[in-house]
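All residue numbers refer to positions in the sequence shown, counting from 1.
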Amino acid sequence: MWKLLRGRPREAESFKEQGNAYYAKKDYNEAYNYYTKAIDMCPKNASYYGNRAATLMMLGKFREALGDAQQSVRLDDSFVRGHLREGKCHLSLGNAMAACRSFQRALELDHKNAQAQQEFKNANAVIEYEKIAETDFEKRDFRKVVFCMDRALEFAPACHRFKILKAECLAMLGRYPEAQSVASDILRMDSTNADALYVRGLCLYYEDCIEKAVQFFVQALRMAPDHEKACVACRNAKALKAKKEDGNRAFKEGNYKLAYELYTEALGIDPNNIKTNAKLYCNRGTVNSKLRKLDDAIEDCTNAVKLDDTYIKAYLRRAQCYMDTEQYEEAVRDYEKVYQTEKTKEHKQLLKNAQLELKKSKRKDYYKILGVDKNASEDEIKKAYRKRALMHHPDRHSGASAEVQKEEEKKFKEVGEAFTILSDPKKKTRYDSGQDLDEEGMNMGVWLMKPSRTQKMQTCSV
C-alpha cells in the first residue's frame with residue numbers, strides 16, 4: 001500500500017507531462033484528459049488545477065476554468081499563475097471587479113509581473129466602459145453603447161451580459177439582423193436565457209411581426225417572471241396589435257372618424273416602434289384622404305416616410321394626395337422615388353401621368369382664364385368668353401392709366417387665346433391631353449391687335 005501511495009505522485013507527474021505535450025500541440029481536449037488524470041492521482045496539487053484551467057480557457061469554457069483556477073489558489077494562495085488565470089476567467093465572463101481583485105493579489109505576490117499589470121489595466125478599462133455604457137443607455141445614445149460594449153467584449157468575450165446589452169441597442173438602432181444574430185448565438189448555448197429571448201422578441205416587435213414577438217416575450221417571462229423589460233414590451237405589443245386591428249376594422253366598415261381615433265391612440269403606445277408607427281401614420285393618412293383632409297393626409301404620409309424611407313405605400317399615398325391638390329412637382333418626385341425602387345408598369349404609368357399634369361400645369365390655364373370648369377359645355381365656354389371679353393375689352397379701359405390699359409389688353413388677348421383653343425374640339429382635345437399646340441395653326445393673330453369695330457361686333461354677338 002505504501003509503495004502504491006508513493007508511486008501516485010510520479011504517475012500524476014507523468015500524466016501532467018503528457019498533458020503538457022498535448023497542450024503544446026494545441027490538442028486541448030487530450031490535454032484536458034491527461035490533466036484530469038493527474039488531478040485524480042493527486043487532488044491536492046495546485047498546479048494540476050492551474051494547468052487544466054488554462055486548457056479549459058483555450059477551449060472557451062471560462063466558467064469551468066474559473067472553478068479550477070479558484071481551486072488552485074485555495075490549495076496554494078501563493079500560486080501566482082493561479083491568481084492570473086482566476087482573474088482572466090472573471091474578466092472573460094464580464095466580472096471586472098472580481099478580476100481586479102485577482103490581479104491585485106498576483107501583483108502582491110509578484111509586483112513586477114508584467115502580465116498582471118496589463119490585465120489589471122484591462123479590467124479597469126472594462127469597468128470604465130461599463131460606466132460609460134450605463135450613462136449613454138439612459139441618454140438613449142445607443143451607438144455609443146454599442147461602441148463601449150464592442151471594446152469591453154475584446155477583454156470579456158464570454159460575457160453574455162455585454163452581448164445582450166449590445167444586441168438590445170442594435171435593435172433600438174434598427175440593426176435587426178445583427179441583434180438577432182447575437183441573441184441567437186446566446187440561445188444556442190443557453191435556450192433559457194430570458195434576456196436573449198427578450199431581445200429576440202424585441203427585434204420581431206420592431207419589424208412589425210408583433211404576434212411572434214409576443215411569443216418570445218411570454219417565453220422570457222416564463223424563464224424570469226420579474227423581467228421588467230419583457231413585461232413592458234409584451235404589454236405594448238398586445239396593446240398595439242389590438243388598436244391597429246380595431247382601426248383596420250373601423251376603416252373597412254367605413255367608420256373613418258373612429259378609425260382615425262384608433263390609429264391616433266395606437267401611435268401613442270410606443271414611439272420606439274418605428275416600423276409599426278410608419279404603417280399607422282400611412283393608415284391614418286389614408287383615413288384623412290377619405291375624409292378629404294388632404295393636407296393632413298400629406299403630413300401623415302410624410303411622417304411615415306421619415307420613419308421608414310423605404311415605405312412604398314406611403315410614397316404612393318402621398319403622391320396621390322399631391323395630385324389631388326395639384327402639387328404636381330411633389331407628386332412627380334414621389335413617383336420617381338417609387339419607380340426607382342420598384343420598376344413596374346403601374347408605377348411607370350403613374351409617373352408619366354404626374355409628369356404630364358406637371359407639364360400641363362406650367363402652361364396657361366385657359367379654363368381659369370375664362371373662369372369655367374374643365375367639364376364646361378360649348379355654350380358655357382361661349383358665354384364665359386363673351387363675359388370676359390367685354391370685361392377686358394380695351395375700349396372699356398380707354399380712360400384708365402397706361403399701365404392699366406396694358407394689363408387689360410394682355411388679359412383680353414389671353415381671353416381670345418383661350419376661346420380659340422377651347423371652342424375648337426380638336427384643339428381642345430390636344431390641350432386637354434397635354435400635347436404641344438401648333439401656335440402657327442391657331443389663327444390667333446387677330447387677337448394680338450387692338451380689335452376693329454367689326455371685331456367688336458363679332459365679340460359681342462358670340
Side-chain angles (χ1 to χ4, degrees), residues 46 49-110 113-138 144-170 182-183 185-199 220 223-224 226-229:
Y49 285 100
N51 286 3
R52 192 168 73 173
T55 302
L56 287 165
M57 289 167 69
M58 297 306 294
L59 290 169
K61 299 178 178 180
F62 293 100
R63 203 162 295 282
E64 294 175 52
L66 177 60
D68 274 352
Q70 289 174 326
Q71 180 61 14
S72 74
V73 297
R74 275 195 292 267
L75 292 169
D76 180 4
D77 186 53
S78 64
F79 187 28
V80 174
R81 282 188 293 176
H83 287 294
L84 285 171
R85 286 165 185 158
E86 181 187 9
K88 189 68 174 174
C89 289
H90 278 308
L91 186 57
S92 296
L93 292 166
N95 192 345
M97 292 296 290
C100 281
R101 289 193 291 270
S102 295
F103 297 137
Q104 280 178 323
R105 179 57 183 151
L107 287 168
E108 288 170 7
L109 295 167
D110 179 6
N113 190 296
Q115 183 184 354
Q117 291 171 353
Q118 184 57 53
E119 294 293 359
F120 185 71
K121 288 179 182 178
N122 294 346
N124 278 297
V126 170
I127 291 171
E128 190 61 27
Y129 284 130
E130 281 191 82
K131 288 179 181 176
I132 295 170
E134 184 178 352
T135 301
D136 287 326
F137 189 87
E138 291 297 321
K144 189 77 173 292
V145 178
V146 170
F147 172 82
C148 288
M149 289 301 95
D150 279 337
R151 300 290 78 76
L153 284 164
E154 291 175 5
F155 304 115
C159 182
H160 285 181
R161 185 163 48 86
F162 292 169
K163 290 178 181 179
I164 289 294
L165 181 56
K166 174 184 174 180
E168 184 178 358
C169 290
L170 287 171
V182 174
D185 285 345
I186 292 172
L187 288 171
R188 275 192 288 272
M189 293 182 279
D190 177 10
S191 62
T192 65
N193 189 300
D195 291 325
L197 289 167
Y198 159 70
V199 170
M223 300 300 135
D226 59 346
H227 198 295
E228 187 178 346
K229 288 182 178 179

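Of the inter-residue distances, the one linking Leu153 atom CG with Phe162 atom CZ reads 7.0 Å to the nearest 0.5 angstrom. Taken from CD in Glu168 to CD1 in Ile164, the straight-line distance is 8.5 Å, to the nearest 0.5 Å. To the nearest 0.5 Å, the span separating CD on Gln115 from CG on Leu84 amounts to 4.5 Å. Taking CG of Leu197 as the reference point, atom CG of Asp190 lies at 8.5 Å (rounded to 0.5 Å). Atom OG of Ser191 sits about 12.5 Å away from atom CD1 of Ile186, to the nearest 0.5 Å. To the nearest 0.5 angstrom, Phe103 atom CZ is 9.5 Å from Glu86 atom CD.
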### Task
Report the C-alpha distance between Cys100 and Ile127 in whole Å, list the side-chain angles of each, state the deciding distance to 0.1 Å, and finish with yes or no for side-chain contact (heavy atoms from CB on, under 4.5 Å).
CA-CA 10 Å; Cys100 281; Ile127 291 171; 3.9 Å; yes
### Query
Checking side-chain contact (heavy atoms from CB on, under 4.5 Å) for the pair His90/Leu66: CA distance, chi angles, key distance, verdict?
CA-CA 7 Å; His90 278 308; Leu66 177 60; 3.7 Å; yes
### Query
Under the side-chain contact (heavy atoms from CB on, under 4.5 Å) criterion, do Asp195 and His160 qualify, and how do the steps go?
CA-CA 9 Å; Asp195 291 325; His160 285 181; over 6 Å; no
### Task
Begin with the C-alpha distance, continue with both residues' side-chain angles, and end with the deciding distance and a verdict on side chain to side chain donor-acceptor pair (under 3.5 Å) for Gln117 and Asn113.
CA-CA 6 Å; Gln117 291 171 353; Asn113 190 296; over 6 Å; no
### Task
Check step by step if salt bridge (charged side-chain N to carboxylate O under 4.0 Å, His left out) holds for Arg161 and Glu130.
CA-CA 11 Å; Arg161 185 163 48 86; Glu130 281 191 82; 2.9 Å; yes
### Task
Go through the steps to decide whether Cys148 and Ile132 satisfy the test side-chain contact (heavy atoms from CB on, under 4.5 Å), and finish with yes or no.
CA-CA 7 Å; Cys148 288; Ile132 295 170; 3.6 Å; yes
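Checked by atom type and distance alone, the side chain of Arg85 pairs as donor or acceptor with a backbone atom of Gly50 at under 3.5 Å. Judged purely by atom type and a 3.5 angstrom limit, Ser92 has no side-chain atom pairing as donor or acceptor with the backbone of Cys89. At least one donor-acceptor pair under 3.5 Å links the side chain of Lys163 to the backbone N or O of Pro157.
The neighbour count for Gln104 CD, taken as heavy atoms of other residues, nucleotides or ligands under 6.0 Å away, is above 12.
Shown here for Ala133 and Leu165, the closest heavy-atom pair between the two residues is CB-CD2, 4.4 Å. Here the shortest heavy-atom pairing between Ala194 and Ala224 reads CB-CB, 3.7 Å. Across Val146 and Cys169, no two heavy atoms sit closer than the pair CG2-CB, 3.7 Å. The two residues Phe62 and Ala158 make their nearest non-hydrogen contact at CD1-CB, 3.6 Å. Listed here is the closest heavy atom pair of Ala116 and Ala106: CB-CB, 4.1 Å.
Using bins of under 30°, 30° to 60° and over 60° for the plane-to-plane angle, the ring pair His227/Tyr198 lands in the tilted bin.
Taking the side chain as every heavy atom from C-beta outward, Lys166 and Val145 never approach each other to under 4.5 Å.
Screening residues 53-76 for salt bridge (Lys or Arg N to Asp or Glu O under 4.0 Å) gives Arg52-Asp68 as the qualifying pairs, with residues at least two apart or on separate chains.
Between Asp77 and Arg105, at least one side-chain nitrogen of the basic residue sits less than 4.0 Å from a carboxylate oxygen of the acidic one, meeting the salt-bridge criterion.
Within the cation-pi definition used here (under 6.0 Å to the ring centroid, within 45° of the axis), Arg151 qualifies as a partner of Phe147.
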